[in-house]
Each structure stands twice: as C-alpha cells, then as structure tokens.
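Sequence lines set the chain letters: A, B, ... in the order given, protein chains first and strands last, and positions in each chain run from 1.
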Amino acid sequence: MSEKALGRGSQCPPLAPGTLRLYSMRFCPYAQRTRLALLHKNIEFETVNINLKQKPDWFRARNPIGLVPVLEFDDKIVYESNVCNEYLDNIYPTPKLIPTDFYRASRDKMLWETFGKVTELFYEIPKSVADGSLDKCIRRYERQLRRYESELSNRGEYFGGSSPCMVDFMIWPWFERIPVLTIIAPEAEIDPNKFPHLSSWMKLMMELPAVRETYEEPTSHVHFFSSLRAGNPDYDYGLK
Amino acid sequence: MPTQQSFATGSACPELEAGTLRVYSMRFCPYAQRALLVLTYKNIPHEVVNINLKNKPEWFLQKNPLGRVPTLEKDDRIVYESAICCDYLDQVYPDNKLTPDDPYRQARDKMTVEVFSQFVSDFQKMMSSPPQEKPESLQKIKNNLCEFESSLTARQGAYFGGNAVQMLDFLLWPWFERILIFAKVVPLTFSLEDYPALCEWTKKMPECPAVQKCRLDPQQFLEFYKSTKAGAPDYDVPKTSQS
C-alpha cells in the first residue's frame with residue numbers, strides 16, 4: 001500500500017474482508033495516538049493516508065466529520081482518536097492499556113480528556129509571540145504541564161507505572177512536536193529543573209518501539225507545519 | 001445535607017461524611033445535569049453541593065484543578081468530566097445499566113457524543129450572535145441535527161437506546177431541554193419539527209421519571225440565562241412557588 005495521501009477524485013483502495021484499516025495522515029498527532037496503540041499492541045493493520053485538504057468523497061462517507069484517525073474493519077467504522085483507542089483496547093486486550101479498575105480507568109481518562117488544555121496552547125503560543133502575550137501564555141502552559149508532572153511523580157517512570165499505558169500514548173504526540181514550538185518560543189522547552197519527571201519520561205518514551213516507528217524528525221514537523229500555515233500542506237513530505 | 005445555595009470563594013467546604021457520594025454541581029449547568037440524570041435514574045443516593053462558577057472556592061480547585069462541574073467525590077475518590085462521571089457511575093453502580101455491553105455499540109455511541117459536542121459549541125456560538133453573522137454555524141447545526149436524526153432513526157425505537165432510555169439519551173437531553181425552553185421565547189433559526197424522530201424523542205424523554213425529577217424550571221432557567229448574558233450569573237435564582 002502506498003503511503004501517498006489520497007485526495008479528491010481518487011479511488012478507495014479495496015479493503016479485504018477481515019483486514020483492519022487505519023485512515024491516517026503522516027503528521028497528524030491525533031492519528032498518531034491510534035498508530036501508537038496499534039503498534040504497541042502488535043495489531044496487524046494497513047494504513048491509507050488521506051489528503052485532508054481535498055478529502056475524497058469515499059472518506060467523507062466513512063466519517064462525516066472528515067477527520068483522521070478512522071478505523072475500518074469489515075462493516076465497522078470507528079472514528080475520534082479516544083474512541084478508536086478505547087475500542088482497540090476492548091477488542092485487543094493484550095497488553096491492556098486502560099486499567100480494568102473503574103476508578104483508575106476514570107483517572108486515566110480524565111488525564112487525556114483534559115489534555116486539550118495543553119494542546120490548545122500549542123496553537124496559542126505561536127500567536128502570542130506575534131501579539132506580545134507570550135509570557136502569559138507560557139505561564140498557562142507551565143501550569144497545565146504541572147498537572148501532568150505532578151501526576152507522573154505519583155505514578156512512576158510512565159503514567160502506567162513501570163510500563164506505558166494509554167495515557168502515555170495519548171499525550172506523547174504533542175511532546176514530540178515541542179521542537180516546532182521552541183523555534184518560535186524557546187521558553188516552551190520542557191526544563192528538566194522545572195519538570196524533572198516529564199523530562200525523564202520523554203527520554204524513556206523515545207526508546208519504545210512504537211514511538212520510534214511513528215517518530216518524525218523535528219525538521220519534518222517544522223516543514224509540514226509551515227506548509228500547513230502557508231495553506232498548502234505537504235502531506236507526502238519525505239516520501240520517495 | 002448541604003444547602004442549595006452555591007458555594008463561592010472564601011466559603012468553607014461543607015464536611016463530607018465517610019461513605020457519602022457527593023456531586024459538585026450548578027443548578028443550570030447542562031453538563032452537571034448529565035450526572036444528575038444518571039444518579040437519579042439509577043437511584044444512587046447522593047448529595048449535591050452547588051458551586052459558584054464565576055468565583056470558585058479555593059477548596060473546589062484543590063479537588064478539581066479545572067474547577068468544573070460535575071465533579072464526583074466519595075471518600076478520597078474524585079472523578080470529573082461529565083461523560084467520564086456518567087460512565088464511572090454506570091460501572092460502579094451496575095443496576096439499571098445504561099451503557100450497551102457490545103464494544104462496537106459503545107464506540108458508536110461515543111462517536112455520537114463527540115459529534116454532539118461540536119453541535120453544542122456551534123449552538124452556543126449561534127445563541128451569542130445574530131444568525132446572519134454566522135451562517136456557517138447554522139449550516140453546521142442543521143448538518144448535525146440531520147446526523148442525530150439518522151442516528152435515532154437507525155436505532156429502531158423511540159430512544160437513542162432503542163426501546164429504552166440509555167446513556168446516550170441522557171448525555172444529549174440537557175441541551176434539547178434548553179432548546180425547547182428557548183424555542184418558546186425566541187425565534188430559533190432552525191426548527192426541530194424538521195427532524196421528526198428527534199421531535200418525537202423530545203416529547204418522549206419528559207415521560208422518563210428521572211428527566212422529570214431533574215427538569216429545569218423554564219422561568220428560573222431563563223432568568224439565569226439573562227443574568228449570564230448580563231455578565232453577572234445568578235447561580236441562586238430563587239425558586240418560584242410552583243417548583
């Protein structure tokens with residue numbers, strides 16, 4: 001299967017019965033959450049990358065919201081990264097990434113459901129550089145990061161303790177993209193003095209096979225992000 | 001039992017007895033209403049502490065750094081985010097189960113909730129500005145309503161849960177209750193009559209005892225809404241003699 005993004009006018013590659021397919025985009029952090037879960041669980045799947053600026057009709061038919069990730073398996077369709085990942089954890093429970101204990105599972109879900117407070121700052125920080133409110137923005141960013149630093153300090157090396165759990169994979173994609181932020185705002189760097197646990201965690205995560213397999217170099221992220229802001233996202237950057 | 005009056009900055013946290021389930025709430029909050037519907041439907045004993053969301057008590061921010069309702073507390077356990085609270089309650093108190101067992105059904109229901117949160121956002125935008133300024137919001141709202149209409153029709157029953165109320169019905173209801181209240185006093189730019197299955201559902205839901213028990217008093221709600229528009233939300237709008 002080619003990795004090139006399929007756009008308007010393209011044909012939907014036929015899906016063999018019994019094959020799990022992921023509709024994705026190589027630089028999308030939300031799709032990366034689901035790729036990480038699939039890879040860490042050693043689930044067999046194929047990937048179809050989508051041109052999100054010129055979406056094929058057959059993609060919209062599968063997900064009216066028109067976003068990735070989307071899972072397709074026979075007649076089943078699942079979208080929204082948190083829903084995809086919970087579904088995968090139910091159907092492929094080895095290794096289990098969401099605790100079976102209801103309270104612990106709820107605490108974990110709270111961590112990734114409220115991570116939006118961090119991700120929104122990834123868009124606000126560059127804007128704040130332009131309008132002079134960077135300091136205020138960085139303070140908010142650090143306040144939100146402190147929630148995760150504090151939680152991690154109570155849990156262990158990973159949010160899952162001695163091994164990664166769903167929380168680790170759900171939040172990782174943005175930590176991978178911090179080098180894009182620090183080019184415009186060096187203050188966004190995760191300071192090991194302020195965030196010792198998160199700093200160690202970032203190094204540990206980089207050693208996981210699933211993280212390495214989905215990892216894109218900072219230069220690739222910067223290139224993609226610039227192309228996106230310029231209105232012409234380069235979905236196939238780096239492909240031969 | 002704590003008073004219905006909302007607790008604000010500088011207040012003392014009402015003591016929570018060991019073994020008692022408390023929900024931090026706000027009388028007019030649709031998200032908090034989700035949790036109250038589930039608690040009421042499942043007959044889960046609980047006490048309610050209302051929070052002044054404009055001037056939050058410091059002790060509340062200790063429990064939930066995001067300072068949002070609903071927040072559940074029992075002994076040393078705290079859960080927040082409305083959908084998470086509802087799921088947690090359904091799991092820990094398994095009688096009168098509201099969530100389907102099948103993982104794929106569960107996933108489809110959660111996807112509907114995600115689409116719905118976009119609807120909530122668009123609806124709020126529409127309510128806060130004249131419709132001619134935001135035609136895209138109106139189109140998105142209509143698209144979403146079509147989605148919910150198809151979703152409901154596909155379930156072959158009066159409810160999103162099919163023949164009986166399920167979690168999805170309670171997760172969506174609070175906003176439709178408010179749409180019905182608004183529709184009586186302001187001209188809405190869309191009409192629920194265009195969505196027959198949804199329309200029927202809005203007539204059936206009030207028959208559910210839990211919906212009745214948790215219902216808003218329309219007058220109080222509109223007064224609260226007016227006060228929020230004026231920038232000074234009155235969380236303690238007095239109860240009228242009828243309620």
* For atom NZ of B/K213, is the number of surrounding heavy atoms from other residues, nucleotides or ligands below 6.0 Å larger than 12? -> no

* Structure fact -> Rounding to 0.5 Å, atoms OG (A/S106) and CZ (B/R77) come to a distance of 9.5 Å

* For the atom pair CD (A/E80) and OG1 (B/T112), what is the distance rounded to the nearest 0.5 Å? -> 10.5 Å

* To do: Counting only heavy atoms closer than 4.5 Å, note whether B/P103 contacts chain A via side chain, backbone, both or neither.
  => both

* Atom CD in A/E113, atom CD1 in B/I84: separation rounded to 0.5 Å? -> 5.0 Å

* Candidate pair A/R147 and B/L66, rule side-chain contact (heavy atoms from CB on, under 4.5 Å), full reasoning -> CA-CA 10 Å; A/R147 283 196 294 126; B/L66 300 178; 4.2 Å; yes

* Counting heavy-atom pairs under 4.5 Å to chain A, which of B/Q91, B/E81, B/K110 comes out on top? -> B/Q91

* Find the one option among A/K109, A/K76, A/Q144 whose heavy-atom pairs under 4.5 Å with chain B are most numerous. => A/K76

* To do: Mind running side-chain contact (heavy atoms from CB on, under 4.5 Å) on B/Q118 and A/I65 for me, showing each step along the way?
  => CA-CA 10 Å; B/Q118 191 53 56; A/I65 309 182; over 6 Å; no

* **Atom CG of A/D131 with >12 non-hydrogen neighbours under 6.0 angstrom** => yes

* **Partners meeting side-chain hydrogen bond (donor to acceptor under 3.5 Å, both in side chains) with B/E114 (sequence neighbours left out)** => A/N82

* Indicate yes or no for a side-chain donor-acceptor contact from A/Y103 to the backbone of B/I78 under 3.5 Å, with no hydrogens or angles considered. => yes

* Asked: Crowded around B/K229 NZ? As in, over 12 foreign heavy atoms under 6.0 Å?
  -> yes

* Taking B/Y104 for the side chain and A/I77 for the main chain, is one N or O donor matched with an acceptor at less than 3.5 Å? -> yes

* Heavy-atom proximity to chain B below 4.5 Å, by part of A/Y87 -> side chain

* More than 12 heavy atoms of other residues, nucleotides or ligands under 6.0 Å from NZ of A/K127: is that the case? -> no

* Verify the neighbour count for atom CG of A/D57: are there more than 12 heavy atoms of other residues, nucleotides or ligands below 6.0 Å? => no

* **B/E58 atom CD: more than 12 heavy-atom contacts under 6.0 Å** => yes

* Rounded to the nearest 0.5 Å, what separation is found between the OH atom of B/Y88 and the CZ atom of A/R107? -> 10.0 Å

